[in-house]
Amino acid sequence: MQLKELEARMHAFVASKGWYGADSPKSQTPRNLAVSLVIEAAEVLEHFQWRDSPDDQSALASELADVALYLLQLASVSDIDLEQAILDKLEQNKTREWPAP
C-alpha cells in the first residue's frame, strides 16, 4: 500500500468520526495533532520502561500505528508531502557526520 492510500484511509476514518467538523471537540489542528503525536510516542516508551524489549508485541504495534497515523495526519493538514520530506532528509543525512560517543 502506498503512503497516499494510507493517508486517504486515515482522512476517511477521521471524517467518519466527525473530527474535521468545525464544532468537533477533537479539533484536528496542527497543534492538537502534534500534541497527540508526542503523547502517543510516550506511550511507545512505556513498553520499554524497565526492560529491553516489550512484553506485548501487538500492544507495541498498536502504539506505533497510533504514532504513524498522527504523523501522517499532521504532515497532511500542514501541507507537507511526508514521503518527499523523508526522501529529502535521507539525502541530507548522507553527508552528515555524527560524532563518536
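Bear in mind that the values here come from a model prediction, so they are computed numbers and not experimental data. Note that the numbering runs from 1 along the sequence shown for the chain.
- Listed here is the closest heavy atom pair of S24 and G18: CB-O, 3.5 Å.
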Can M1 and R9 be said to form a side chain to side chain contact (heavy atoms under 4.5 Å, CB included), step by step?
CA-CA 11 Å; M1 182 177 300; R9 287 187 182 196; 3.4 Å; yes
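- Under a hydrophobic clustering in which Ile, Leu, Val, Met, Phe, Trp and Tyr are joined whenever their side-chain heavy atoms come within less than 4.5 Å, directly or via other members, I86 and L71 fall into the same cluster.
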### Message
Checking D56 against L60 for the side chain to side chain contact (heavy atoms under 4.5 Å, CB included) test, could you report, in this order, the C-alpha distance in whole Å, the side-chain angles of both residues, the deciding distance, and whether it holds?
### Response
CA-CA 6 Å; D56 185 344; L60 175 61; over 6 Å; no
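- Atoms CD and CD, on Q49 and E46 in that order, are 7.0 Å from each other to the nearest 0.5 Å.
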Practice problem: Please assess V14 against Q73 for the test side chain to side chain contact (heavy atoms under 4.5 Å, CB included), listing each intermediate value before the final yes or no. | Solution: CA-CA 9 Å; V14 173; Q73 188 181 14; 3.8 Å; yes
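- The side chain to side chain contact (heavy atoms under 4.5 Å, CB included) search around D88 returns Q84, not counting sequence neighbours.
- The environment of R31 atom CZ is sparse: at most 12 non-hydrogen atoms of other residues, nucleotides or ligands sit within 6.0 angstrom.
- Contact record, N32 with S27: ND2-O, 2.9 Å, taken as the closest heavy-atom pair.
- In this structure, I39 belongs to a hydrophobic cluster whose other members, linked by side-chain heavy atoms under 4.5 Å apart, are V35.
- Note that CG of L69 and CG of L37 are 10.5 Å apart. Values are rounded to the nearest 0.5 Å.
- The backbone N or O of L72 sits nowhere less than 3.5 Å from a side-chain atom of S76 that would complete a donor-acceptor pair.
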Should L90 and K94 be marked as a side chain to side chain contact (heavy atoms under 4.5 Å, CB included) after you check the CA-CA gap, both sets of side-chain angles, and the distance that decides it? CA-CA 6 Å; L90 286 170; K94 284 182 181 179; 5.9 Å; no
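- In the hydrophobic clustering of this structure, I80 does not group with L87; members are Ile, Leu, Val, Met, Phe, Trp, Tyr whose side-chain heavy atoms approach within less than 4.5 Å, directly or through other members.
- Residues satisfying the side chain to side chain contact (heavy atoms under 4.5 Å, CB included) test with W98, not counting sequence neighbours, are N93, R96.
- The shortest non-hydrogen separation linking L33 to Y70 is CD2-CD2, 3.9 Å.
- L3 is not listed as a side-chain neighbour of E7, based on a closest heavy-atom distance of 4.5 Å or more.
- F48 pairs by the ring-ring contact (aromatic ring centres under 6.0 Å, His included) definition with nothing, not counting sequence neighbours.
- When the side chain to side chain contact (heavy atoms under 4.5 Å, CB included) test is applied to S62, no partner is found at least two apart in sequence or on another chain.
- Within the structure, ring pair (Phe, Tyr, Trp, His ring centres under 6.0 Å) contacts touching residues 14-42 (residues at least two apart or in different chains) are H11-Y20, F13-W19.
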